[in-house]
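Structure, as structure tokens:
Here the structure is a predicted model, which is why all the values come from computation and not from measurement. Residues take their numbers from the sequence shown, with the count starting at 1.
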Amino acid sequence: MSGPAVDFPSDAPELAADLATLRELPASAKEDLWALLAPNLGQDVGDGAQRAAARFAAEHGVELTRLIPLVRGCRRLFRSAAERDLGVEAVHEGVAKLTGDPEIARRLSSLYLQAAGAIRGEAIVRSLERFGPVLEDVGLRMDHVSTSRHQPNKMVPIAMLSLRYRDGDEDKRLTLQVPPTMLKQLQSLLGSVVR
């Protein structure tokens, strides 16, 4: 990932002021900043993000209202940079120039890699959802079944594959029993696709 430096909009002074609130946080909060930012980076921010921010404020002895500008600024910075596919160096340079603080630039650019991955992943899923259901999680449990009524101790492994997927606004789950031959076929198929 590389590209031009961050080109900040006309309200850059507001963004600089939001990001500069990082200076006011205690050291423990600065070290744990990802726990505050991660739930607030998605396109839609819900109750989970508010609960995470309240928990973060309580754990680090910071008033919740003091976190709002920082979250707002980081969200704007990270989403804008990720959507433009900017590299870490460009983000570092842009934040350093904007805030005049190399420590803020270092800390935020180090978090940008994680943020960019999450933001781009969300964009990929949104794009896929236009064409149908999207797999979100896979669970696997191994079981054994008897192959013969006459030899109850003769068992074969069977996978219980649970697929959680999103279909529009609905979360759904499909659980399948997968026999050994199909497991081998899945392994071969995935091995040829994922390298």
Side-chain angles (χ1 to χ4, degrees), residues 1-130 134-138 164-166 169 171:
M1 261 187 310
S2 61
V6 178
D7 182 22
F8 292 107
S10 58
D11 60 347
E14 290 174 26
L15 178 59
D18 285 349
L19 298 178
T21 60
L22 178 60
R23 290 184 194 113
E24 302 166 11
L25 294 184
S28 66
K30 290 177 184 176
E31 293 301 318
D32 195 26
L33 194 55
W34 183 247
L36 171 67
L37 297 179
N40 285 284
L41 294 176
Q43 182 174 353
D44 300 314
V45 178
D47 294 341
Q50 292 174 358
R51 285 191 299 273
R55 191 170 43 251
F56 183 91
E59 287 174 6
H60 297 287
V62 179
E63 289 179 31
L64 187 58
T65 55
R66 289 178 57 199
L67 298 174
I68 293 170
L70 179 61
V71 170
R72 178 179 57 224
C74 288
R75 176 182 164 78
R76 197 163 140 236
L77 170 71
F78 292 160
R79 289 190 65 82
S80 172
E83 287 166 3
R84 293 170 50 208
D85 201 27
L86 295 180
V88 174
E89 301 83 15
V91 171
H92 183 277
E93 181 182 315
V95 173
K97 182 178 174 184
L98 183 67
T99 64
D101 190 324
E103 176 58 23
I104 289 176
R106 182 194 66 75
R107 194 169 296 278
L108 294 184
S109 62
S110 72
L111 293 174
Y112 171 66
L113 267 182
Q114 290 173 276
I119 292 165
R120 290 185 187 122
E122 178 191 57
I124 291 168
V125 169
R126 273 197 325 270
S127 176
L128 293 174
E129 284 177 339
R130 288 185 274 164
V134 177
L135 185 63
E136 291 188 328
D137 191 27
V138 177
R164 186 172 56 81
Y165 63 99
R166 176 168 291 284
D169 291 335
D171 280 325

- prompt: Who are the side chain to side chain donor-acceptor pair (under 3.5 Å) partners of R106, not counting sequence neighbours?
  reply: E103
Shortest non-hydrogen contact between L15 and R76, atoms and distance: CB-NH1, 3.6 Å
query: Can you name the closest pair of heavy atoms from R166 and D171 and give their distance?
result: NH2-OD1, 3.1 Å
query: Do you know the tightest heavy-atom contact between C74 and L19?
result: N-CD2, 3.7 Å
task: First locate atom CZ of R23, then atom CG of L70, and finally report the distance between them rounded to the nearest 0.5 Å.
output: 11.5 Å
task: Could you walk me through whether L108 and V91 pass side chain to side chain contact (heavy atoms under 4.5 Å, CB included), step by step?
output: CA-CA 8 Å; L108 294 184; V91 171; 5.8 Å; no
Can you list, pair by pair, the side-chain donor-acceptor contacts under 3.5 Å of residues 26-34, counting residues two or more places apart and other chains?
residue : atom : partner : partner atom : Å
S28     : OG   : H60     : ND1          : 2.9
E31     : OE2  : R107    : NH1          : 3.4
D32     : OD2  : H60     : NE2          : 3.1

query: Taking only residues two or more places apart in sequence, or in another chain, which ones meet A52 in a side chain to side chain contact (heavy atoms under 4.5 Å, CB included)?
result: P39, R55
message: Which residues pass the salt bridge (charged side-chain N to carboxylate O under 4.0 Å, His left out) test with E59, not counting sequence neighbours?
response: none
- line: Closest non-hydrogen contact found for L67 with A57 is CD1-CB, 3.8 Å
- prompt: So does E93 pair up with K97, basic N to acidic O under 4.0 Å?
  reply: no
message: Minimum heavy-atom separation for L111 and F78, please, with both atom names.
response: CB-CZ, 4.1 Å
- request: State which residues pass side chain to side chain donor-acceptor pair (under 3.5 Å) with N40; sequence neighbours excluded, sorted by chain then number.
  value: none
- prompt: Listed by chain and number, what are the salt bridge (charged side-chain N to carboxylate O under 4.0 Å, His left out) partners of R51, not counting sequence neighbours?
  reply: none
query: Who passes side chain to side chain contact (heavy atoms under 4.5 Å, CB included) against E24, sequence neighbours left out?
result: T21, R66
Set of residues satisfying side chain to side chain donor-acceptor pair (under 3.5 Å) with respect to R72, sequence neighbours excluded: D18
- prompt: What do the steps show when you test L22 against D101 for side chain to side chain contact (heavy atoms under 4.5 Å, CB included), and what is the final call?
  reply: CA-CA 10 Å; L22 178 60; D101 190 324; over 6 Å; no
field: Closest contact, heavy atoms only, A54 versus L64
entry: N-CD1, 3.9 Å
Those residues that, when tested against R164, pass salt bridge (charged side-chain N to carboxylate O under 4.0 Å, His left out) (two or more places apart): E136
- request: Please test L86 against Y112 for side chain to side chain contact (heavy atoms under 4.5 Å, CB included), starting from the C-alpha separation and ending with a verdict.
  value: CA-CA 10 Å; L86 295 180; Y112 171 66; 4.1 Å; yes
